[in-house]
Amino acid sequence: MGKFWTLITQLHSIAGPVLTLLYPLYASVVAIESPSKLDDEQWLAYWIIYSFLTLAEMVLEPILEWIPIWYDVKLLMVAWLVLPQFKGAAYMYERFVREQLRKHATEREHHQVHRNQQQSKKPPNGGKTKKKFVEFITPKKGDQEAY
C-alpha cells in the first residue's frame, strides 16, 4: 500500500500544474493558430478566470490553508474550466465577468457624460485663458505708436 500511496501522491502533485498550466498553454497556442475565434474566446476566458482564482487564492491563503480539501476542490474547478467538453471558462466569463464589466462600463460612461456636461457649462479657468490670449494678440494703443 505504501508504494501505491506514493504513486497517487506524486500523480496528484503533477496533475495540478499539468491541468492548470501546461494543457491550457498548449491549447491556447493551438487556438491562436486556428482560424476559428470560438476557441480563442474559451482560452482567453480561461486565463482571465484563472487569474482571478489565483489572486483570490493569494488573498485568502490564511483561510484556505485550514481547508484540507482546498487543493482537490481547486483541481476539480480548474478541470471544469479547462476541459473542452464543459467549456466552463466561457460559461463563467459570460455569466459573471462580462456582466460585471458591462455594469462598470455603463457606470463609467454615465460619469463621463456627466463630467462632459459639467465642463461644457463653464469654460475652464472661468474664461481667463481666452481673455489672456485675446489681450496678448490685440495691440494696445501705446504699442501701435512705437512701430
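Values below: all heavy atoms of this structure, side chains included; hydrogens, waters and symmetry mates excluded.
Tracing side-chain contacts under 4.5 Å through hydrophobic residues (I, L, V, M, F, W, Y), one never reaches Val18 starting from Val73; they form parts of separate clusters. Placement of Val29 and Leu83 in two distinct hydrophobic clusters is found when ILVMFWY residues are connected by side-chain heavy-atom separations under 4.5 Å, directly or transitively. Leu22 is not connected to Trp80 by any chain of hydrophobic side-chain contacts under 4.5 Å among Ile, Leu, Val, Met, Phe, Trp and Tyr, and they are in different clusters.
Nearest heavy atom pair, residue Ala89 against residue Ala45, reads O-CB, 3.6 Å. Shown here for Leu19 and Val82, the closest heavy-atom pair between the two residues is O-CG2, 3.6 Å. Between Trp43 and Ser28, the shortest heavy-atom distance links the atoms CB-OG, 3.6 Å. Closest heavy-atom contact between Leu81 and Gln42: O-NE2, 3.1 Å.
Aromatic ring pairs are classed by plane angle as parallel below 30°, tilted from 30° to 60° and perpendicular above 60°; the pair Trp47 and Tyr50 is perpendicular.
With contacts defined as side-chain heavy-atom distances shorter than 4.5 Å, the pair Thr20/Thr54 does not qualify. Between Phe86 and Tyr91, every side-chain heavy-atom pair lies at or beyond the 4.5 Å cut-off. Glu99 has its side chain out of reach of Arg95: every pair of non-hydrogen atoms, C-beta onward, lies at least 4.5 Å apart.
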Atom pairs and distances, side-chain donor-acceptor, residues 58-72, under 3.5 Å, sequence neighbours left out:
unit_1: Trp70; atom_1: NE1; unit_2: Glu57; atom_2: OE2; d: 2.9
unit_1: Asp72; atom_1: OD1; unit_2: His12; atom_2: NE2; d: 2.5

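Distance alone, capped at 3.5 Å, places no donor-acceptor pair between the Tyr46 side chain and the Gly88 backbone.
One finds the CD atom of Glu94 at 7.5 Å from the CD atom of Glu41 (value rounded to the nearest 0.5 Å). Between Leu44 atom CG and Ile49 atom CD1 the span is 11.5 Å, to the nearest 0.5 Å.
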Step by step, would you call Phe52 with Ile48 a side-chain contact (heavy atoms from CB on, under 4.5 Å)?
CA-CA 6 Å; Phe52 281 137; Ile48 291 168; 3.7 Å; yes
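Checked against side chain to side chain donor-acceptor pair (under 3.5 Å), Ser34 has the following partners two or more places apart in sequence or in another chain: Asp39.
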